[in-house]
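Take a look at the structure below.
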Amino acid sequence: MRHQPIAHTPQGVQMRIDGQEFISFCSNDYLGLANHPSVIDALATGAQRWGVGAGAAHLINGHFEPHDELERALAAWLRVERCLLFSTGYMANLAVVGGLVGRGDTVIADRLNHASLVDAAQLSGAKLLRYRHSDPADCERQLIRAAQTGAGNRLILTDGVFSMDGDAAPLAELLALAERYDAWLVVDDAHGFGVWGEGGRGTLSEQGVIDTKLSPPERLIQVGTLGKAFGTAGAFIAGAAQPLEVLRQRARPYLFTTAAPPALAVATLASLRLIREGDARRAAWRAGVAQLRSALAEHGGLMASATPIQPLLIGAADRTVALADALKARGLFVPAIRPPTVPAHSARLRITLSADHSPEMVQRLIDTIQELAPSRAAQ
Ligand SMILES: *Cc1c(COP(=O)(O)O)cnc(C)c1O
């Protein structure tokens, strides 16, 4: 049974949870925007102006000016033709896959994709082929296999940054494959947007796959979530006009659900401004990552990652849970991630850093890990 912790204070690096004070290393609020004064003000002002509930789906009368403004602002930021808003990332993924492929089509997916992408592929009714994690050669083998069996429309599906490992997909190679084999490339960059890339434009920008002065390639569709670095809630799909219009007309998670509150769109517009001007925040989490990685280099166990997701691989699930509990007893909140969320024997602490962690907070985590889990070399 998993315990359900209750937080008594807002999201942040210092929180009271289940009656105890913690420094938290577990949220996806990488830039510290979930409780940022400008975002809070925007939500409050938005509620005064627009009320609370949207009251209807987007295509009925639940699409308000702030929704429209946010879709345009996100599209302009990413230099795409269109952007569509969703209430959650989970729903955006159901929409993008189910809207572009169905029975008779094929999804070619990374083995370590987020659960919402796995569910989206299964629900779509398309045939699902999986390729070895971040392996373009194996992806190409699956594309060839798909072509031989007359695979209908093809869609390559990947996380931009993998949520439990913190590593990034080889997006240039995957885009080249999409172009060569006439497939869509859908990149779910839930953990990349805001975090890195020019002006926070995500993993494609960080890797130089898209030039943010030009429109991205037609074959590319990006999914972003607003509940992580943006610090608000919801998600978007961004891409060329033609596929995005198909999704607006056909995607069931767009049509058959109430639009998110318009005030939330006002708040997200404020966080988008902070993200665009967020180089100092991005430098701050990078400094924390550098501090953690250099201090724990000799200790070992940190998985290869250049993102705020810094998993410490332990292996056995029971040892991982025991270490997380011991850290909790010292006031450090770091979640233990174990199978089935990750593959067998790869249980880990999923440490996430935020721009708001001070060097002292990171040092406390380093010292406590070294004390509680001495490296094998030191034993
Ligand atoms: C969190 C996450 C989602 C789901 O987004 P929500 O807005 O929380 O529903 C989708 N994809 C990835 C890769 C995620 O990490």
Side-chain angles (χ1 to χ4, degrees), residues 7 11 26-31 33-34 39 67 70 74 83-99 107 109-124 130 133-134 155-171 174 185-197 200 202-204 206 221-238 247 251-254 257-261 264-265 267-268 271-272 275 303 305 307-311 335 337 340-342 348 350-354:
Q11 184 58 258
C26 57
S27 97
N28 304 310
D29 178 27
Y30 304 118
L31 302 180
L33 300 187
V39 182
H67 294 123
L70 178 57
L74 288 166
C83 188
L84 273 190
L85 288 176
F86 288 82
S87 299
T88 72
Y90 191 98
M91 287 168 61
N93 282 335
L94 297 188
V96 71
V97 180
V107 172
D110 189 289
R111 272 191 191 285
L112 292 191
N113 274 349
H114 189 261
S116 61
L117 294 175
V118 177
D119 293 2
Q122 276 164 354
L123 268 172
S124 74
R130 305 223 278 175
H133 177 51
S134 284
L155 187 158
I156 302 172
L157 191 57
T158 184
D159 285 24
V161 171
F162 289 86
S163 51
M164 294 300 142
D165 294 55
D167 59 333
L171 296 174
L174 294 177
L185 173 63
V186 172
V187 179
D188 171 1
D189 208 10
H191 300 275
F193 284 120
V195 164
W196 61 4
T203 308
L204 286 149
E206 179 74 17
I221 297 188
Q222 305 178 63
V223 179
T225 63
L226 303 172
K228 287 167 183 160
F230 275 82
T232 60
F236 62 86
I237 302 178
L247 293 178
R252 299 170 68 86
Y254 193 75
T257 198
T258 302
L264 195 59
T268 303
S271 66
L272 177 58
I275 281 176
M303 295 169 64
S305 160
T307 64
I309 304 168
Q310 292 288 319
I337 309 287
T341 308
V342 292
R348 66 200 64 176
R350 182 177 182 269
I351 300 166
T352 57
L353 293 176
S354 154

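For ligands, and for the atoms within them, numbers begin at 1 and follow the listed sequence. In this chain, numbering begins with 1 at the start of the sequence shown.
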Exercise. Between His133 and Asp165, is any side-chain donor less than 3.5 angstrom from a side-chain acceptor?
Worked result: no
Exercise. With sequence neighbours excluded, what pairs up with Thr203 under the side chain to side chain donor-acceptor pair (under 3.5 Å) test?
Worked result: Asp189, Trp196
Seminar exercise, completed: Counting heavy atoms under 4.0 Å, the part of Leu117 that contacts ligand 1 is neither
For this session: Mark up the atoms of ligand 1 that fall under 4.0 Å of a heavy atom belonging to His191, in ascending order.
Result: 14 (C), 15 (O)
Problem set entry | Nearest non-hydrogen protein atom, atom 14 (C) of ligand 1 | Lys228 NZ, 2.8 Å
Exercise. In the protein, what heavy atom is nearest to atom 13 (C) of ligand 1, and what distance, to one decimal place, separates them?
Worked result: Asp188 OD2, 3.2 Å
Exercise. To the nearest 0.1 Å, how far is atom 7 (O) of ligand 1 from its closest protein heavy atom, and which atom is that?
Worked result: Gly89 N, 2.7 Å
Exercise. Does Tyr90 reach ligand 1 with a nitrogen or oxygen that is under 3.5 Å from one of the ligand's nitrogen or oxygen atoms?
Worked result: yes
Seminar exercise, completed: Short version for Met91: what comes under 4.0 Å of ligand 1, heavy atoms counted, is neither
Exercise. Do any nitrogen or oxygen atoms of Asp159 come within less than 3.5 Å of a nitrogen or oxygen of ligand 1?
Worked result: no
Let me check something: any side-chain donor-acceptor pairs from residues 222-237 under 3.5 Å, sequence neighbours excluded? List them with distances.
residue: Thr232; atom: OG1; partner: Leu226; partner atom: O; Å: 3.3
residue: Thr232; atom: OG1; partner: Thr268; partner atom: OG1; Å: 2.8

For this session: With Thr158 as reference, evaluate Val186, Leu112, Leu174 under the side-chain contact (heavy atoms from CB on, under 4.5 Å) test and give the passing residue.
Result: Leu174
Exercise. Could an N or O of ligand 1 be found under 3.5 Å from any N or O of Thr225, whether backbone or side chain?
Worked result: no
